[in-house]
Peer 1: 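Quick one: this structure, given as structure tokens, is what I'll be asking you about.
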Amino acid sequence: MTPTLIRNAQLVVTMDPARSEPQDVSILVEDGAIAAIGRDLAAPAGAEVIEAAGLIVTPGLVNTHHHLYQSLTRAVPGGQDALLFGWLRTLYPIWARYRPADFVLAAQVGLAELALSGCTTTSDHQYLFPNGAKLDDTIQAARAAGLRFHATRGAMSIGESKGGLPPDALVESEAAILEDCIRVIDAFHDPSPQAMTRVAVAPCSPFSVSRELMRDAALLARDKGVMLHTHLAENDEDVAYSLANFGCRPGQYAEELGWVGADVWHAHCVKLDRDEIALFARSLTGVAHCPCSNCRLGSGIAPVRAMRDGGVRVGLGVDGSASNDAADLMGEARQAMLLQRVANGADAMSAREALEIATLGGAQVLGRADHLGSIEPGKRADLALWDARALPMAGGWDPVAALVLCGPHRVRHLIVEGRQVVRDQVLTTLDAAQLGREVASAVARLAG
């Protein structure tokens with residue numbers, strides 16, 4: 001792999017233990033890792049040099065929750081003004097018409113958006129597989145896009161006829177779900193520090209799978225040494241369902257079935273109470289906070305300040321584009337900060353803390369903080385370079401705070417595992433214009 005020297009960056013936001021922010025320094029990248037940080041670094045023979053004067057370097061942003069397949073169902077009539085359960089009932093019939101190629105196309109669109117927003121690592125929660133679709137399709141799309149990818153094999157097994165939310169046509173047998181989890185883990189999961197693809201086990205939610213599947217999925221994941229992911233306590237409807245059907249709150253249900261621990265992260269957790277926050281803190285259970293989606297669906301304000309103060313690991317997620325409408329991680333950082341200020345006062349969260357949650361926080365949640373999430377020698381070279389001279393940053397006195405408060409929300413350059421995925425705000429791995437044309441055709445068919 002060709003070495004890269006990022007020369008003379010205006011500022012580097014390291015997220016190292018001291019939270020240092022050195023100015024006018026260079027970063028040497030070799031063999032996919034950060035080799036050195038300092039002034040007057042020499043470029044090795046044959047190295048690519050990125051002139052970084054006027055640029056701010058941050059760790060690549062980390063997205064801890066997404067549904068990439070939803071990129072073809074934005075702003076769908078009937079679901080725009082609904083709460084979670086009504087929104088899902090509007091969209092399930094459309095998703096049931098997806099073909100395998102639709103999952104590939106939707107994933108490419110979402111990954112392109114993420115890359116342009118400065119994201120280098122993303123998870124994806126795919127929990128429906130109509131018409132022959134497989135998780136393999138999305139994994140291959142991520143490999144082509146060049147982002148670091150945590151594919152979660154989701155599932156739904158309790159359809160409407162058995163009291164669940166999804167239509168029966170979209171559920172699978174539990175034996176088939178577990179068998180396919182084993183297949184995709186064996187085929188694609190890479191536990192190495194430099195892994196570009198990892199797999200997690202991810203039954204969709206307590207209202208779409210059985211108690212037995214939740215328990216068996218946890219046992220399977222731990223036998224295979226992979227992580228666990230699901231939705232939890234997303235809104236009041238979610239909590240009411242848990243109380244009515246399980247006789248307990250979502251956190252207690254998760255604990256009873258083995259769904260807490262450093263190898264588990266839950267999406268949303270908007271309605272966690274004090275005891276559940278304490279449970280997640282002492283068990284090192286992670287949370288994927290999705291502020292824009294929570295606002296869009298009227299789910300509420302997640303108690304992120306209480307979580308962070310209590311020691312819970314928190315990262316950011318864009319959630320699916322059908323409930324967010326965009327895949328902009330820097331925008332999520334800003335929204336996370338603003339919501340905590342609405343709930344707790346103007347000093348509840350700083351811009352730097354929001355950026356930390358978007359980088360190091362996400363790496364902690366995904367179990368990758370030993371190798372990702374900060375800019376330090378020896379860590380993997382996942383780097384976002386932002387133009388401090390861009391119009392949205394004009395007039396910003398504190399450039400780090402301005403990244404979150406002002407913008408820009410499109411990265412200048414993006415490097416993943418030492419490879420340049422975005423160069424001068426243009427994707428090097430995917431053709432954005434061609435994707436737009438293909439999406440228009442796919443949406444016309446799905447809406448017809």
Side-chain angles (χ1 to χ4, degrees), residues 4-29 33-39 41 50-64 114-121 148 308 314-316 328-337 349-365 368-390 392-394 396-416 418 420-422:
T4 299
L5 180 67
I6 300 169
R7 186 156 60 193
N8 196 31
Q10 176 179 319
L11 181 72
V12 176
V13 185
T14 66
M15 293 297 169
D16 66 10
R19 299 299 186 267
S20 60
E21 297 175 359
Q23 299 181 35
D24 302 319
V25 296
S26 300
I27 302 171
L28 178 62
V29 173
I34 298 167
I37 304 169
R39 295 185 176 180
L41 295 180
I50 298 175
E51 297 295 348
L55 303 185
I56 300 169
V57 186
T58 70
L61 309 186
V62 178
N63 180 33
T64 60
L114 288 170
L116 290 169
S117 84
C119 176
T120 53
T121 298
R148 212 178 288 277
R308 294 268 298 174
V314 180
L316 290 179
D328 177 358
L329 263 177
M330 195 63 84
E332 296 294 336
R334 185 176 191 272
Q335 189 76 352
M337 178 194 68
M349 181 175 288
S350 70
R352 279 176 170 79
E353 183 177 9
L355 185 58
E356 178 182 321
I357 294 170
T359 53
L360 184 60
Q364 291 168 340
V365 165
R368 305 293 296 268
D370 287 346
H371 308 286
L372 305 175
S374 64
I375 302 175
E376 303 176 72
K379 286 203 168 186
R380 308 315 300 172
D382 288 11
L383 305 167
L385 283 68
W386 310 85
D387 193 344
R389 303 160 298 191
M393 296 279 283
W397 289 32
D398 178 345
V400 180
L403 279 177
V404 177
L405 293 170
C406 311
H409 287 191
R410 176 165 286 204
V411 74
R412 176 71 176 276
H413 307 297
L414 190 74
I415 295 171
V416 184
Q420 197 159 357
V421 173
V422 176

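Keep in mind it's a predicted model, so treat the numbers as computed, not measured.
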Peer 1: Test side-chain contact (heavy atoms from CB on, under 4.5 Å) on Glu356 and Arg19 and set out the steps.
Peer 2: CA-CA 9 Å; Glu356 178 182 321; Arg19 299 299 186 267; 3.2 Å; yes
Peer 1: Check whether Arg368 reaches the backbone of Ala363 with its side chain - one donor and one acceptor, N or O, closer than 3.5 Å.
Peer 2: no
Peer 1: For the pair Ile6 and Leu55, evaluate side-chain contact (heavy atoms from CB on, under 4.5 Å) and give the outcome as yes or no after the intermediate values.
Peer 2: CA-CA 10 Å; Ile6 300 169; Leu55 303 185; over 6 Å; no
Peer 1: Restricting to non-hydrogen atoms, name the atom on Arg380 and the atom on Ala33 that form the minimum distance, rounded to 0.1 Å.
Peer 2: NH1-CB, 3.7 Å
Peer 1: Run the side chain to side chain contact (heavy atoms under 4.5 Å, CB included) test against Leu116 and tell me which residues pass, sequence neighbours left out.
Peer 2: Arg410, Val422, Leu427
Peer 1: Apply side-chain contact (heavy atoms from CB on, under 4.5 Å) to Val62 and Leu372, showing your working.
Peer 2: CA-CA 9 Å; Val62 178; Leu372 305 175; 5.6 Å; no
Peer 1: Just how far is it from atom CG of Leu316 to atom CG of Leu61, taken to the nearest 0.5 Å?
Peer 2: 9.0 Å
Peer 1: Can you tell me how far apart CZ (Arg7) and CZ (Arg39) are? Round to the nearest 0.5 Å.
Peer 2: 15.5 Å
Peer 1: So does Arg148 get a backbone contact from the side chain of Thr121, meaning a donor-acceptor N/O pair under 3.5 Å?
Peer 2: no
Peer 1: Rounded to the nearest 0.5 Å, how far does CD of Glu21 lie from CG of Leu11?
Peer 2: 5.5 Å
Peer 1: Restricting to non-hydrogen atoms, name the atom on Gly373 and the atom on Met15 that form the minimum distance, rounded to 0.1 Å.
Peer 2: O-CB, 3.7 Å
Peer 1: Would the distance check show the side chain of Thr14 and the main-chain N or O of Asp16 forming a donor-acceptor pair, the cut-off being under 3.5 Å?
Peer 2: yes
Peer 1: More than 12 heavy atoms of other residues, nucleotides or ligands under 6.0 Å from CZ of Arg308: is that the case?
Peer 2: yes
Peer 1: Please identify each residue that fulfils side chain to side chain contact (heavy atoms under 4.5 Å, CB included) with Ala384, with sequence neighbours left out.
Peer 2: Thr58, Trp386, Val411, Leu414
Peer 1: Work out which heavy atom in Ala354 is nearest to a heavy atom in Met337; give both atom names and the distance.
Peer 2: CB-CB, 4.0 Å
Peer 1: Could you state the interatomic distance from CG (Asp387) to CE (Met393), rounded to the nearest 0.5 Å?
Peer 2: 8.0 Å
Peer 1: Report yes if the side chains of Arg352 and Asp398 come closer than 4.5 Å at any heavy-atom pair, otherwise no.
Peer 2: yes
Peer 1: Would you call Val29 and Leu383 a side-chain contact if the rule is heavy atoms closer than 4.5 Å?
Peer 2: yes
Peer 1: Please give me the minimum heavy-atom distance between Pro59 and Ile375, naming the atom from each residue.
Peer 2: N-CD1, 3.5 Å
Peer 1: Evaluate the criterion side-chain contact (heavy atoms from CB on, under 4.5 Å) for residue pair Asn8 and Asp24; output intermediate values, then yes/no.
Peer 2: CA-CA 5 Å; Asn8 196 31; Asp24 302 319; 3.8 Å; yes
Peer 1: So which heavy atom on Thr4 is nearest to which on Gly418, and how close?
Peer 2: OG1-O, 4.2 Å
Peer 1: Going from NE2 on His371 to CD1 on Ile34, what distance comes out if it is rounded to the nearest 0.5 angstrom?
Peer 2: 12.5 Å
Peer 1: Would you mind reporting whether Leu355 and Met330 have side-chain heavy atoms less than 4.5 Å apart?
Peer 2: yes
Peer 1: From Leu329 CG over to Thr120 OG1, what is the distance, rounded to the nearest 0.5 angstrom?
Peer 2: 9.5 Å
Peer 1: Is Arg334 salt-bridged to Asp328, going by a charged N under 4.0 Å from an acidic O?
Peer 2: no
Peer 1: Which heavy-atom pair separates Lys379 from Ala369 by the least distance, and what is that distance?
Peer 2: NZ-O, 2.7 Å
